[in-house]
Each structure stands twice: as C-alpha cells, then as structure tokens.
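Data block below; observations after.
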Amino acid sequence: MKFASSYEPNQYESEIYAAWEMAGVFNPTVPTVPTDDDGDGEDDRKHAKNTYSIVMPPPNANGNLHIGHGLTVATEDSLTRYYRLKGKSSWYIPGADHAGFETWVVYEKNLEKTGHTRFEYDRNELYSKVWDFVAEQRGNMELQLRALGASCSWDDLTFTLDENVTDRIYTTFEKMWNDGLIYRGEKLVNYCPKHRTAFADIEVEHKDEPGTLWDIAYDDIIVSTTRPETLFGDVAVAVNPEDPKYKDKIGKTVHLPLTDREIPIIADEHADPEYGTGAVKITPAHDYDDYEVGERHNLDRIQVISESGKMINVPEKYYDLTTEECRKQVIKDLKEQGLLKGEHKITHSVAHCYKCGTVLEPMLKDQWFIDVEKLAKVAIQHLEAGEIKFYPENKQKVLINYLKGLKDWNISRQIPWGIAIPMFKKADEDATDEPDWIYDRRTNLKEIEKAGVRYVRDEDTFDTWFSSSHWPIVCTNWTKENYNPYYPLNVMETGADILFAWVARMIMMGLYVTGEVPFKEVYLHGLVLDEHGQKMSKSKGNVINPMDLVTKYGSDAFRLGILRGRSAGMNQAFSENSVIAGRNLCNKLWNISRFVQGIVDECNENEPSTTTYQTDNMGEDWICQEINDCLNQVEKSMQEYRFSEAVEVLYQTIWDKYADWFLESQKIYKNAELLKTTLEAILIALHPFAPFVTEVIWQNLSWTEGFIVTAKWPAKLKYDPISAANFQNIRIIVSEARTTLQALPGTNNAKKYNLMYNNDSIVADNQLLIKNLTKVPAVIALNGSPKGLKLALANHELYLDVPESVVNAYKDTLTEKILSVGRELDALNARMENPNYVEKAPAHLVKETQDQINEKQALISHLKQQLEVI
RNA sequence: GGACCCAUAGCUCAGUUGGCUAGAGCGUACGAUUCACAUUCGUAAGGUCGCAGGUUCGAGCCCUGCUGGGUCCACCA
C-alpha cells in the first residue's frame, strides 16, 4: 500500500512538476516551427488541425505573482490541460514582461537611494543597468508559475525584449511608417512631472477632488478658472457666440492681468454660458479643450510650465516657481490688485499618474502618434462580423463602442527601459531636400549617416502596449511566409480591466499585421476581491498572497478554491474557506483511491484496466450513468468557459455520488475492473483543475501507466439504463430511513431498530446494501403482518421495528408530514385544475404533474393509515 | 452626460432557449465513530429570489419603471 492516510501536497508537488517538465509532457505534439521532414518542400504542419493554443499574459519578469495571476493560471491551465486530455496538441506559451514603466519606477527609486539620478547616464547605460537589475530579480515569477501547476511550454518562454519581439515590433513600425499611420505631432499629452514621461490616455487615472474656481477680472470681463497659474499662457478669452452678455465684446481685446499683454475676445462654443461667468480663458499649451479652441482659431501656444513642473516664459517674479507656489503668488497678487472677484469651492476630476499619484500636467510635446482610425475601423468590421466570441458576451459591444471613439495613440515614452523607437532626426540643417525623420533599426547608435546626411536618434522608447499588442503574433512565431496552425489563438484569457488597453490593441495589431483576428475567443476574468467583496490593496492590508495558500493547502486546493463560484467578467470575493474546501476534495480523492487500490489488490487485478468490465448490480450501472452525465456536463461547461460549474459537478459526482453511494456499495460487491475504470475517469476529469493530486494518485496506482497529463479523456461508460434508474429506489429508501431514524426520539436509533419490508424485490435483492447504508442491525422480510413505524414512501412498504411508545412519540412529526405533503398536493392539484395549463403546457409536463399527484396521494394515504394505527 | 454590470440562505456565489418542491460551499444546530477518509459520516434548520407593475397556463429568468451597490468612458473654466 503506497497511500498514506491523508494527502500531503507538499510532499509531492515540486517533484511531480519536475517529472512532468523533464518528460516534456507540456510540449505541443505538433511542431511549433515549420518542418519538412518528408522533404516535399511543404510545411508538414499544413494539415495539422488538432491544435490548441493559448498565451499567458506576461507577468512582470522581476516581480512576484499576485492573486490575479493565480486566477489567470488556474483558468488558463485548466483549459490547456483539458484540451490536452481531449487529444489536442496544446501549446500554452509562457511569457515575461519587461513591464517598462513599472520596472523603471522601481529601478529609479533604487537609483535615487544610492544618491544618483537618471540624468547622469545616457539611455544605453541606463538600459543595461536596468537589464542587470531585472536579470538579478528574475526567476521568482517563473518558479511561482510552476508551483501553480502551469503546464506551459517553457522552452518557448517569450520575454517582451527578446530579439524576435523587437524585430517584429520594428517591422510593424516600419510598415506603419510607410503606410502613413505614424506621425510626429506636437500635441498635448498626459505628462507626469515626477517621472518625466508622457502617458497614453488609457493610463491616466481620474479622481474626483475638491478644488477652487476663481473669478478673475480681465478688464471688464470676468473669467472663471481652477488654474490661475496658467494665466501667463493665456492667448484669448472665449465666450459663447449665443451669449447675450458678451455679444458686443467679441473681437475686442482685454488686458491680461499681471502682464503687459492684450489678448482677444473670441467666440467659441466651448464657453458654456451657464458655467461660472460664462467667459473662459484660453491656454492652448496646458489644457485639452483650450488646445482645440486654439486649433480652431489659429492661436499661439505659450508653454509656461516646464517638463520638471516649474514655471517658464513668465515674468521674472514667477519664474522657476512650482505650479503650486505660482498659484499662491498669482492669487495673492490678483487680490492685491483687486482683480480677484470670486472664489467657489467645487469638485472636479483631476488626472493623476497611476503609479505615483502625481497630478498630471497636460504638456505640449513632440511625440509619435499612431493614426488609429483605419486600424479601429478594420477591427470594428471584424468584431461586428462576430469573428471573435466574447465571454462575457456583452464585452463585444463595449469594445466596439470604445473603438468607435478611439483617439490617436501616443506611443512615445520618455523612459530608457523599453524598446527604442527606431527613428532618427536630421541633424544637418543644410540638407533641406532630405526628410526630417528617417526610419532605421540601428537604435544602438546615437547618430547615423545616410546619403551623407547626419541623423540623431530619437531618445524615446515605445509604450509597452505597442509591443504587447503583438503578443499573439510573437508568441506563436507567426510569419507572413509560413502557415501556422497555432495562429489565431484558440482563446485569449486575461483580466477584464485591460480589455481596452490590451485586447483592443491586440485585435487592431493582429489584423494589421496578419490580416486575421489574433484569437477566436476572448475570456475575461474579473478582479479577485477579498472575502468581504473589497478590492485588495496594500493600504487596506487585505492582500492575499497566492503562494501562501499554495504552501498551506497545496496548489490544487488553491486552483479549485479560486475557480469555484467565479464567472466571466465579474469581480468576485475570495476567501480561504473555498481553498480549504478544495484541499478537502483532494484528500477525499486520495482516500477514494486508497480504498479502490485496496480492493484491486485484494482481487489481484493489477493489470491495466480494460473497458470490458461487467456491471453486476444497480449501483454499478448507476455510477456509470452518473459519470457519463458528469463528463457531459464538464465538456459542456468547458466549451462555454463555465469553470465554476465544471468544478461543481465534479465535486458532487466524486464526493456525493462516487464515494458516498457507489464506494459504499462496493464494500459488498468489489468489482475491481469497474472500480479501476471509473476511478480513472474521475481522476482524468478532475485533472485539469487539480493536476497534482490526480497525477500523484495516478503514479501510485498499481495498474496505471504513463502520466495522467497525457492520458486520454475518458470514453463514455457502458451500462444498463433501466438498472441504473432502479438504483434511485435504493437511494430514496435509504434516505427516508435515515431521516426517520434521526427524527425519532432518542439517539443512536439506527443501531436499535430493524428495518422490515413487505413484498419488495428491490429491497429483497439489496438487503445487505440497505443494512450497511442505514446502519440498522438487520433488514428483514415481513411476510404480510406489518408492525412498527411505516416509512413515508409512496412505492415501497417498509417499516422500522420500533415499539409502540416510540411510534406514539412520533405522532406529531407524522401529522406535520401529512400536512406538508398535503400542501404540495394542493399546489399540484391547483395546477391541474387550470384548464389553460392542461391545454397549453407541454404534454410531458402535464403527465408529470399527474404522476406526482398520484404519488402524493398514495403517500398521504399510507401516512394516514399509520396515524390511524396509533 | 454616455454605456455596462450586479442585487437569490448568516457569508460567498450557481441557477444555460421561461417548466416540477430555487441549489452549492462555508457557517449554524443535532447525531454518529475500530473496518478508505474527523481534511470523515448522517440529519436538519435557514429564501415572500432588491421594490412596483406588465407579458404568460407558468417568471429568479422576458419587458417597463424605481431603489441601492459597483465599473468603465467622456466632460468638468
């Protein structure tokens, strides 16, 4: 006997994972690169259809996994393992993210601790410093993925800075440049003065905050503003053309306070007559709306805030102040001059850096932009054609809606840790015929020469989402030349929170580069919340570390626990309890196997299992039916990404049906061949969710061969359906006997009273089983002279051999039972008395109702007889 | 301002084209104990499915409105 009495995951998990990895069972069976073994000049994979591909959203290469990764892996790996068992060549491609901005922030903080700043180094130096930093930290995350059981193909791990990735990014960028989809523009961008980089719109966090709205007199016009310090950048005052208050002022000029400038009053829809004073100052260099007003009226842009957040291009007095200091000074000076006419407290939303919380400045900068209009349009067409199926479904509409309003995408970042933008600016002023910017891949050079003209490289790097948008393409080694059976991916699984940032961009880029959608289905998971439904955060102290749970309860328990009760796209609570429930299931399965192995040993049936088992009794037919049902439901659930349902049905089948009824019956019958076949079926069916315990058991069973990872999904079991249906009688009889025994006065009743039956071949044939399941001392035939307490069964005549006093004490319970069955009967009768129901409801339902009425009536009359006897 | 999601047992959640007496896990109460498992076994209690209408023979599910909670997008001088 190899099985200890309880399952200890820590004893086995790392060893089992190492064995899997060593044996290469996670590698896809169909090659992942073009092959031509038969030498016919054609890729052998041309006809490989049975593939399943899924990529991992790359976790931060130098970070640790958090609970969201735990859910990601549990979900993706369950899919991968399921389809592998289903016979597909499954390829789960792992990844690691250089996490441009995130890592940079961590690195820069460390750098500052050592008393240095980024400005002491050039980009190449910084890049190699961060590279070393990441290399040092790297590896934890990959070990943690293994601990979670991720069955990925490790040889194919893709790092977002791998050469094939940067190659692909450059190729795409070049194509876009040539197609005119890339442009350089001076636009307002979201700029973090602390990190000194710009962000895409999607990375900005808006928060509602209290603020002040000041009224400032520009001569006789009063403007309202929340940012008086930007006054020095004002180039106009706008009023609404329909606003009668200001109609006669349009075209005139006003004096800009604290300066010696005159600025025009212009008419623009942007000014809302209802808001504030209805007149608004226009600062095109520091406000998005004003920028657009400026465009419309061809106004200058005066930048008054520098990239370090200090005032520039302002009178000496204000120069080099921070925006905050300057604001105070301006307010003070305006007050002194009597120009401050009002002050109102308001709530407005303010843009913050999602990393450090600093207020973002809209900043006028030259940046690279992607003209997204065409890309979005193509994506919308394919989405509307239903080429990608979404789980949850509604995300398709949400995504289309987003794409319809998408603005041009700023892909420049001013941080060194990332893929360099392969663009060079003309340095020779004289070469007027040459283009200002040229594309070139030699980003390691600060300066290049082309046709005798000098060019200097752009120092910016790509937004990480630009490279991430190629993820399905780079992970599967897609190329234009070769057919690839793994592209498009079968599914893209990721967090619902990055639908826009990532999924949308992968779709646009996939279509642009390959002409095909990058994946056929999208499954989005929600946030994992704490047990009270609160978002996990360090500040709240409610963060759950998945690795702690894995250590404590095992990887399988964690996976089962986190998938349980979870559905697509929903933010849902998670607690240790569900992991404990998972741990218990693993232990149950372990003991089930221990028990089965015991019988197999006893019967000397240690040869590989066959499908030629015989079913010799109702319980055996019944469990075959139950397992088939279970397999069908798991298959259906997996098809629809209903993991929670799949896990639920497995729990019930394994625990409530296989262990509690079938194995109990096998204590009598001992059908070793059937036990082997059925145990294999449940082990394989559970394997996608609990890979370790099922494999450990598989390795310990005497008759199984190879790894369960690469086993075949179970075939449907053969059984006699009539016999299977008859087993329900046993279950009903046993349940009723148990309920009644518990309800009788006194304790330990099961040991006291015999069960007697009259004229019942099912009971007669299963006396021993019923005795074992109810734990009564004996099950005895009555031969026509009833006594004791009759069980509340419509179709069976059974009695508990209890003394009259006990029967009398049971009288109240019996009366209540008659009443409750009576209420059920009334409800059924009412339904049948409704002619519309009888006419319009489907015939089988009407018949069912009638059958039930008959049954309840029989039951009531049985119970009433009993009551009369008392 | 636009859109989306959620509301079912004490807690966390299932409930697929409308169909029987609305389920699970955890928790609670009571009982069991050599013979695979106390990480066990058995039994029970606990729900007018957020509110108000409507459609239907029949509504947790479909429709309308409302209330409460959450998310995203846009805007906010």
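Values below: every heavy atom of this structure, side chains too, minus hydrogens, waters and symmetry copies. Here is the naming used below: chain letters follow the sequence lines, and residue numbers restart at 1 for every chain.
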Just the rounded figure in Å: distance from [atom2] of [N] to [atom1] of [X].
{"X": "A/Asn571", "N": "B/A7", "atom1": "CG", "atom2": "P", "answer": "13 Å"}
{"X": "A/Glu205", "N": "B/C73", "atom1": "CD", "atom2": "P", "answer": "10 Å"}
{"X": "A/Glu8", "N": "B/U39", "atom1": "CD", "atom2": "P", "answer": "11 Å"}
{"X": "A/Met832", "N": "B/G58", "atom1": "CE", "atom2": "C1'", "answer": "14 Å"}
{"X": "A/Phe500", "N": "B/C4", "atom1": "CZ", "atom2": "P", "answer": "12 Å"}
{"X": "A/Asn836", "N": "B/G58", "atom1": "CG", "atom2": "C1'", "answer": "10 Å"}
{"X": "A/Asn749", "N": "B/A32", "atom1": "CG", "atom2": "C1'", "answer": "11 Å"}
{"X": "A/Arg831", "N": "B/A59", "atom1": "CZ", "atom2": "P", "answer": "11 Å"}

Practice prompt. Specify the residue among A/Lys395 and A/Lys407 whose closest nucleotide of RNA chain B lies further upstream toward the 5′ end.
Written response: A/Lys395
Practice prompt. Using heavy atoms to find the nearest nucleotide of RNA chain B for A/Glu274 and A/Gly569 separately, return the residue whose nucleotide is more 5′.
Written response: A/Gly569
What's the closest nucleotide to the [X] side chain, out of [options]?
{"X": "A/Tyr837", "options": "B/C57, B/G15, B/U21", "result": "B/C57"}
{"X": "A/Leu663", "options": "B/A32, B/C5, B/A36", "result": "B/A36"}
{"X": "A/Glu824", "options": "B/A32, B/U16, B/U21", "result": "B/U21"}
{"X": "A/Ile592", "options": "B/A36, B/C4, B/U39", "result": "B/A36"}
{"X": "A/Glu664", "options": "B/G19, B/C37, B/C20", "result": "B/C37"}
{"X": "A/Gln742", "options": "B/U21, B/U39, B/G31", "result": "B/G31"}
{"X": "A/Asn834", "options": "B/U16, B/C20, B/C57", "result": "B/C57"}

Is any side-chain N or O of [X] closer than 4.0 Å to OP1 or OP2 of [N]?
{"X": "A/Asn587", "N": "B/U40", "value": "no"}
{"X": "A/Trp655", "N": "B/C37", "value": "no"}
{"X": "A/Lys588", "N": "B/C41", "value": "yes"}
{"X": "A/Arg738", "N": "B/A44", "value": "no"}
{"X": "A/Ser567", "N": "B/A14", "value": "yes"}
{"X": "A/Gln572", "N": "B/A14", "value": "yes"}

Please name the nucleotide paired to [N] by Watson-Crick or G-U wobble geometry with both distances under 3.5 Å, or report none.
{"N": "B/C51", "answer": "B/G65"}
{"N": "B/U43", "answer": "B/A29"}
{"N": "B/U17", "answer": "none"}
{"N": "B/A3", "answer": "B/U71"}

Any base atoms under 4.0 Å from [X], or only sugar-phosphate, or nothing? Heavy atoms, all strands.
{"X": "A/Pro835", "value": "nothing"}
{"X": "A/Leu845", "value": "base"}
{"X": "A/Ala238", "value": "nothing"}
{"X": "A/Lys636", "value": "base"}
{"X": "A/Asp660", "value": "sugar-phosphate"}
{"X": "A/Thr225", "value": "sugar-phosphate"}
{"X": "A/Thr739", "value": "sugar-phosphate"}
{"X": "A/Thr747", "value": "sugar-phosphate"}
{"X": "A/Asp272", "value": "base"}
{"X": "A/Glu839", "value": "nothing"}

Worksheet item: Taking only residues at least two apart or on different chains, which pairs with a member in residues 583-602 of chain A satisfy ring pair (Phe, Tyr, Trp, His ring centres under 6.0 Å)?
Response: A/Phe3-A/Trp590, A/Tyr7-A/Trp590, A/Tyr12-A/Trp590
Worksheet item: A/Thr230 and A/Lys281: side-chain donor and acceptor closer than 3.5 Å?
Response: yes
Worksheet item: Any luck finding a side-chain donor-acceptor pair between A/Gln597 and A/Asp601 under 3.5 Å?
Response: yes
Strictly below 4.0 Å, N to O, side chains only: are [X] and [Y] in salt-bridge contact?
{"X": "A/Arg227", "Y": "A/Glu361", "answer": "yes"}
{"X": "A/Glu736", "Y": "A/Lys817", "answer": "yes"}
{"X": "A/Arg823", "Y": "A/Glu816", "answer": "yes"}

Worksheet entry | A/Thr212 and its side chain to side chain donor-acceptor pair (under 3.5 Å) partner, picked from A/His348, A/Glu343, A/His344, A/Lys345 | A/Lys345
Worksheet entry | Separation of A/Leu299 CG from A/Asp290 CG (nearest 0.5 Å) | 9.5 Å
Fill in: A/Trp465 and A/Trp502 aromatic ring geometry - parallel, tilted or perpendicular at 30°/60° bounds
tilted
Worksheet item: Has the side chain of A/Lys535 got a donor or acceptor atom sitting under 3.5 Å from an opposite partner on the base of B/U71?
Response: no
Discussion item. I'd like to know if the side chain of A/Asp268 and the backbone of A/Ala238 have a donor-acceptor N/O pair within less than 3.5 Å.
Written reply: no
Item to complete: Kindly say whether A/Leu744 contributes a backbone atom to a donor-acceptor pair with the side chain of A/Asn749 at under 3.5 angstrom?
Response: yes
Give each protein N/O atom lying under 3.5 Å from an N/O atom of nucleotides 22-25 of chain B, with the pair distance.
unit_1 : atom_1 : unit_2   : atom_2 : d
B/A24  : O2'    : A/Arg564 : NH2    : 3.3
B/A24  : O2'    : A/Glu648 : OE2    : 2.5

